[in-house]
Amino acid sequence: MATIAPLLFHPILHFSEAIPLLQSIHSTLFRSPTAAGPYPFHSPPTPTAAGVLGHHTMSVATEACPSPKLHTRLRLWEFADRYVFEPVDGLADLFLSVDRTNGSMSLVEELPPRGPSTNPKVRIVFGVIGVLKLAVRSYFLVITGRDCVGSYLGHAIFKLTGLKVLPCNNSLNTSSAEQKKMESEFSELLDAAERTIGLYFSYDVNLTLTSQRLHDLGDQFKSLPLWRQAEPRFLWNGYLLEPLIENKSIHAEIGSEKVNVTLIARRCTRRIGTRMWRRGADPEGYAANFVESEQIMQSKEFTASYVQVRGSMPFLWEQIVDLTYKPSFDVVRVEEAPRVLERHFHDLQKKYGAVVAVDLVNTHGGEGRLYERYAKSIEPILSEDIRFVHFDFHQICGHIHFERLSQLYDQIEDYLKKHRYFLLNSKGEKMEEQTGTVRTNCVDCLDRTNVTQSMIGRKILESQLQKISVLGDNNTISDYPAFDADYKVLWANHGDAISTQYSGTPALKGDFVRYGKRTTQGILNDLWNAMARYYLNNFADGTKQDAMDLLQGHHISSVSRDMPTPTKGLIENHASFRLAFALLLAAVIFLIMSLRRENVAKMYMMIKIANG
């Protein structure tokens, strides 16, 4: 019965119309998977449906039809005693029947009898995400709304815009008061889950695996059903599927050559959560906000990709929300840090090969204490295949000199050239193989991290385009202004999407990624987003965190929590918000003065030069 559920991901797809050199631009970021083939009762997909890389020009307007192997529309009949899912595309003769009293499922050949006394509700749904089993009843989660946001490797990508929770088990009427209370608490979390944004899915292409991994696994693996191919770390409805189981990209031209760039980010499900509610790593070494970003380039019948990752500093630390603007960082169980970190990096080595860890946090203050713990804990495992580079982003780049990231590139250039990237020729033969990755982090793994990853992605893309003679040896992306502009937007949207899923707001410093420089408007946007993050961290993310844990099966349904509201919370909240606002206002004034000081210095130099 696994075939009734789609594989949903937590991606972020961004598309915008291209200009001059670009036919179209869209980016796909997978925040978390929800299964790759969202519709019921399908036969095993063909290799193409499973996600074989092809040399297609991705376009919003073309090749957007899902595979006929999967049901893209279902008619949901809500009878008094059962739910019935009826395929409406003519591809199957069987219906899925779900008993509303106990959640049991069966395949039936026809609908129940209908007459004057039965008046079932009928609606169209676009797939079953999965089943959530709680203490008293089960819940079916179905897709009620979707938008086609473009295509990836010739296959349609959909954004989930509507989610419906269908309860199963009328025994709640006879359950105890404690069970009813617990079920009510979980229902509130499900309501929050229905408002979750950033879920994407495809009916016929596997979005959880990198291009290199798909190629290496071979055709036999690709012939498996999509749910069997899925990488569990990035399959966001994996837990919900259990009861059912037996891109950001741009199309452009450089000179006369068409270039297609796709950006995919896959968010790991192992330590999911929101900003200050999920920090560091768990005892098994799984890091918070761990995201794998793959940049895929297609041109001249070549396909190339590069994979880099981000994730919270991989040892046990936390930042408890306490209504202050920036709660203190606390390292937990210091003696376990080396062991947890070693587990994390050994797991990375198994999946990606060599690893260079780039740490962007401050050298001093609270961040400095985290840096010191990181550096000390990783020292025993440093080798030719595990390197550690600390780069104090704020100290070196300040608020406006992000071009100084070239200093970081100089430190890792030899590593990038040694471990290369993945490259296939027109015959599908492997010409290059990526044998190592870059792991980047700041505190949130959002703002500083995205600026840095975009720089690395740019350098790798230039190297790939030079390799296949689209760019000359001395040419760069900057030599093609239209392509350059859209490439910046691609990475800016990518960063905004990851940031929105973890912090609730777009990324800070996004103006530099988007335009190549800091702007006054960008600084003001950062002020607003910082204030929004403060509010969300303290007053909204707790419920969102619980909802995410619930859908991933991390809640223990036999335990309920009492959460009394402090009587003086409103006064504390008001005072803390005023303090946070004052600090942020002072910060933005300082940044604007810094920008003006920079401009004055430039004008002085121009006058000096003009006067000889």
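Residue numbers start at 1 and run along the sequence shown. Note that the structure is a prediction, hence the values are computed from the model and not measured.
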Separation between [atom1] of [X] and [atom2] of [Y], rounded to the nearest 0.5 Å:
X	Y	atom1	atom2	result
Arg278	Tyr286	CZ	OH	15.0 Å
Met431	Tyr421	CE	OH	8.5 Å
Ile456	Ile460	CD1	CD1	8.0 Å
Ile396	Leu408	CD1	CG	8.0 Å
Gln411	Glu413	CD	CD	11.5 Å
Lys459	Ile412	NZ	CD1	10.5 Å

Next on the checklist: Between Glu367 and Phe329, is the side chain to side chain contact (heavy atoms under 4.5 Å, CB included) condition met? List the steps.
Outcome noted: CA-CA 8 Å; Glu367 291 189 13; Phe329 305 110; 3.9 Å; yes
Do the side-chain N and O atoms of [X] and [Y] include a donor-acceptor pair separated by under 3.5 angstrom?
X	Y	answer
Tyr352	Glu292	yes
Arg310	Asn450	yes
Thr262	Gln295	no
Gln434	Arg420	no
His155	Ser202	no
Thr363	Asp392	yes

Next on the checklist: For Asn474, I'd like to know if atom CG has over 12 heavy atoms of other residues, nucleotides or ligands within 6.0 Å.
Outcome noted: no
Item to check | CD/Gln395: more than 12 non-hydrogen atoms of other groups inside 6.0 Å | outcome: no
Do [X] and [Y] have side chains that get closer than 4.5 Å, going by heavy atoms?
X	Y	value
Glu462	Asn475	no
Phe201	Ile143	yes
Val438	Thr452	no
Glu429	Leu424	no
Val259	Phe483	yes
Asn441	Val358	no
Pro314	Phe290	no
Cys397	Phe391	yes

Checklist entry - Between His390 and Tyr371, is the ring centre distance below 6.0 Å? => result yes
Could you pull out the closest heavy-atom pair between [X] and [Y], with the gap in Å?
X	Y	value
Tyr487	Ser454	OH-O, 4.4 Å
Ser299	Glu257	OG-CB, 4.3 Å
Glu433	Asp216	OE2-OD2, 4.4 Å
Ser211	Ile296	OG-CD1, 3.3 Å
Gln466	Gly472	CG-O, 3.4 Å
Gly436	Tyr306	O-OH, 4.3 Å

Checklist entry - Should Glu294 and Ser305 be marked as a side chain to side chain donor-acceptor pair (under 3.5 Å) after you check the CA-CA gap, both sets of side-chain angles, and the distance that decides it? => result CA-CA 7 Å; Glu294 181 179 18; Ser305 79; 3.3 Å; yes
Salt bridge or not between [X] and [Y]? Use side-chain N to carboxylate O under 4.0 Å.
X	Y	answer
Lys258	Glu301	no
Asp414	Lys418	no
Asp444	Arg279	yes
Arg213	Glu231	yes

Checklist entry - On the ring face of Phe422, is Lys430 found with NZ or CZ under 6.0 Å from the centre and within 45° of the axis? => result no
Item to check | Phe158 six-ring face occupied by Arg146 cation (under 6.0 Å, within 45°) | outcome: yes
Checklist entry - Hey, mind stepping through Leu461 and Met297 against side chain to side chain contact (heavy atoms under 4.5 Å, CB included) and telling me if it holds? => result CA-CA 8 Å; Leu461 179 59; Met297 181 277 296; 3.7 Å; yes
Quick check against the 3.5 Å criterion: does [X] have a side-chain atom that pairs as donor or acceptor with the backbone of [Y]?
X	Y	result
Thr449	Cys442	yes
Thr437	Val307	yes
Ser312	Gly280	yes
Arg439	Gln308	no
Tyr415	Ala354	yes
Asn206	Thr208	yes
Asp147	Val149	no
His344	Met313	no
Arg266	Leu209	yes
Lys159	Cys148	no

Next on the checklist: Is the ring pair Phe315/Trp317 parallel, tilted or perpendicular, if the boundaries are 30 and 60 degrees?
Outcome noted: tilted
Checklist entry - Checking side chain to side chain contact (heavy atoms under 4.5 Å, CB included) for the pair Phe393/Leu405: CA distance, chi angles, key distance, verdict? => result CA-CA 8 Å; Phe393 189 101; Leu405 276 172; 3.9 Å; yes
Next on the checklist: Would Leu423 and Thr303 count as a side chain to side chain contact (heavy atoms under 4.5 Å, CB included) here? Give the steps.
Outcome noted: CA-CA 6 Å; Leu423 179 64; Thr303 298; over 6 Å; no
